[in-house]
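In what follows, residues are counted from 1 in the order of the sequence shown.
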Amino acid sequence: MDLAESKIVRRAVYQPGASSIEGLPTALQMFHNHPPVMLMPHWHVQVEVNYIMQGSVHYRMNGQKISMKAGDMCLFWGGQPHQMDDCSEDAIYAGGHLPLVYFFRMRLPINISSRLMNGEILFTSATDAADLENFPRWVRYTKSGDPAKAQHAVDEMLLRVERIALEPYSMIPTLGPTDADDIEQCYPQSSRSVARMCDFIAVNFLQEIDSVDIARAADLHPKYAMNLFKKTTGMTLSKYVNLLRLSRAQAMLMNDEANVLQVAMDSGFGSISAFNKSFRHIAGMSPSDFRRDARMVTQYAP
């Protein structure tokens, strides 16, 4: 039985795995359930939409502590470690994880998308009864097995996210490192070019690809492509490719039989040293230590 439809008799705990959001970094996924508490931070390479339908939740995001109650909605970039560390027993939330290829196809004002990609959190209480009906329906449609219904749900949710900018909202500043000064204004056609680059990366990130390959896929000069991507997202192309690989690796490390060297190779890293360096940069620990801690957390989860 879905936790959203049952009485909460014990605290649900989030356990990342290869079939979860980390293991499928290029898939758009939706959810509607009781929020599973995270016993350690995680990250993923999607923009996350969270709508609190009832109860309350508490987050730790990029140095910020954020409390949300029924009727609140937030939007944030999941590429930075974050954690939902508490929620009320009656809490129900809904939302989705949007890969960047979807995110940059939306018509959000550049000042919103730029600040989100730089780690700020968009917060709004401008929700209504339609959201209470629509979010669960979108989840049902995406899980229906009917491609037409699934596409309709995706299109509707993206339009709903765009509408956030037309109503009162606030941006919660980041407390972590920022490259805000490097993010410049860009035009709609630039976002389309970024979406084309994200499309190519989504299909090929486990292969040996570089900026020349990515730029060619978007019909751009490599130097222009690198500058455009950095100005639009605050990230270099190589950092984004690494984040996709690290997201997949994070999920694979949860497997009891995971071998760190094999995980590195299967995640697209050419060497164990490059994998260790990249993983330590985002997680603050080595892949081996992350795997150990994750298994200890799982073992002692309530």
Side-chain angles (χ1 to χ4, degrees), residues 21 28 30-32 35 37-38 41-88 91-100 102-135 138 156-186 188 191 194 231-235:
I21 191 64
L28 189 154
M30 298 186 191
F31 55 86
H32 169 224
V37 171
M38 300 176 183
H42 81 145
W43 66 90
H44 50 78
V45 197
Q46 299 91 356
V47 172
E48 186 166 342
V49 183
N50 283 0
Y51 168 51
I52 312 305
M53 301 181 67
Q54 69 178 53
S56 61
V57 301
H58 185 270
Y59 300 85
R60 295 176 182 270
M61 297 185 194
N62 200 26
Q64 285 281 17
K65 296 179 180 179
I66 301 173
S67 296
M68 296 178 64
K69 63 184 186 306
D72 293 340
M73 186 184 303
C74 71
L75 192 66
F76 63 92
W77 164 234
Q80 302 180 69
H82 56 277
Q83 179 181 12
M84 179 184 287
D85 60 353
D86 198 13
C87 67
S88 62
I92 300 294
Y93 77 158
H97 297 90
L98 312 178
L100 291 192
Y102 290 92
F103 181 68
F104 283 111
R105 285 174 179 163
M106 290 193 294
R107 294 164 294 184
L108 286 175
I110 188 63
N111 67 309
I112 290 181
S113 57
S114 299
R115 293 171 70 180
L116 284 169
M117 293 309 302
N118 195 54
E120 295 191 39
I121 303 124
L122 186 155
F123 176 89
T124 181
S125 296
T127 59
D128 52 38
D131 292 315
L132 285 171
E133 295 182 4
N134 287 334
F135 274 95
W138 295 334
E156 278 197 356
M157 189 180 76
L158 295 178
L159 284 170
R160 175 62 184 95
V161 173
E162 287 182 4
R163 182 159 63 87
I164 289 176
L166 305 178
E167 298 174 338
Y169 68 89
S170 59
M171 299 297 297
I172 302 174
T174 178
L175 296 184
T178 175
D179 294 320
D181 293 339
D182 295 332
I183 300 179
E184 301 178 4
Q185 298 289 320
C186 53
S191 290
V194 171
K231 289 177 180 179
T232 307
T233 69
M235 292 181 289

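- The side chain to side chain contact (heavy atoms under 4.5 Å, CB included) test with L98 is passed by exactly one of M157, E48, R105, M30: M157.
- In terms of heavy-atom proximity, T232 sits nearest to M117 at O-CG, 4.4 Å.
- Nearest heavy-atom pair across I112 and M171 is O-CE, 4.3 Å.
- In this structure Q54 satisfies the side chain to side chain donor-acceptor pair (under 3.5 Å) test with no other residue, sequence neighbours excluded.
- Under the side chain to side chain donor-acceptor pair (under 3.5 Å) criterion, Y59 pairs with N50, sequence neighbours left out.
- Residues P35 and M84 approach most closely at CB-SD, 3.2 Å, considering heavy atoms.
- Legend: residues meeting ring-ring contact (aromatic ring centres under 6.0 Å, His included) with F76, ordered by chain and number and at least two apart, are H82.
- Taking both residues in full, the closest heavy atoms of G55 and S88 are given as CA-OG, 3.3 Å, listed atom of the first, atom of the second, then distance.
- Applying the side chain to side chain donor-acceptor pair (under 3.5 Å) criterion to S170, with sequence neighbours excluded, gives no partner residue.
- In this structure, the side chains of M53 and L132 come closer than 4.5 Å at one or more pairs of heavy atoms.
- Partners of F31 by ring-ring contact (aromatic ring centres under 6.0 Å, His included), not counting sequence neighbours, listed by chain and number: Y93, H97.
- Counting heavy atoms from C-beta outward, M73 and F135 have side chains that approach closer than 4.5 Å.
- Among residue pairs with one or both ends in residues 158-174, those qualifying as salt bridge (Lys or Arg N to Asp or Glu O under 4.0 Å) are R107-E162, D131-R160, R163-E167; sequence neighbours excluded.
- Considering all non-hydrogen atoms of both residues, A126 and P168 come closest at CB-O, 3.9 Å.
- Looking only at side-chain heavy atoms (C-beta outward), Q80 and M61 stay at 4.5 Å or farther from each other.
- The shortest side-chain heavy-atom distance between F123 and M68 falls under the 4.5 Å cut-off.
- No side-chain heavy atom of R60 sits less than 4.5 Å from a side-chain heavy atom of M38.
- Counting only distance, with no hydrogens or angles, the side chain of Q46 and the backbone of G78 share no donor-acceptor pair below 3.5 Å.
- In terms of modelled atom types and a separation under 3.5 Å, the side chain of S56 and the main chain of A91 share no donor-acceptor contact.
- For the atom pair OG (S113) and CG (N111), the distance works out to 7.5 Å, reported to the nearest 0.5 Å.
- Between Y169 and L75 there is no side-chain heavy-atom pair separated by less than 4.5 Å.
- Looking at every heavy atom in both residues, T127 comes nearest to G71 through OG1-O, 2.6 Å.
- Evaluated for a side chain to side chain contact (heavy atoms under 4.5 Å, CB included) with W77, the options L122, I121, L100, T233 yield exactly one hit, L100.
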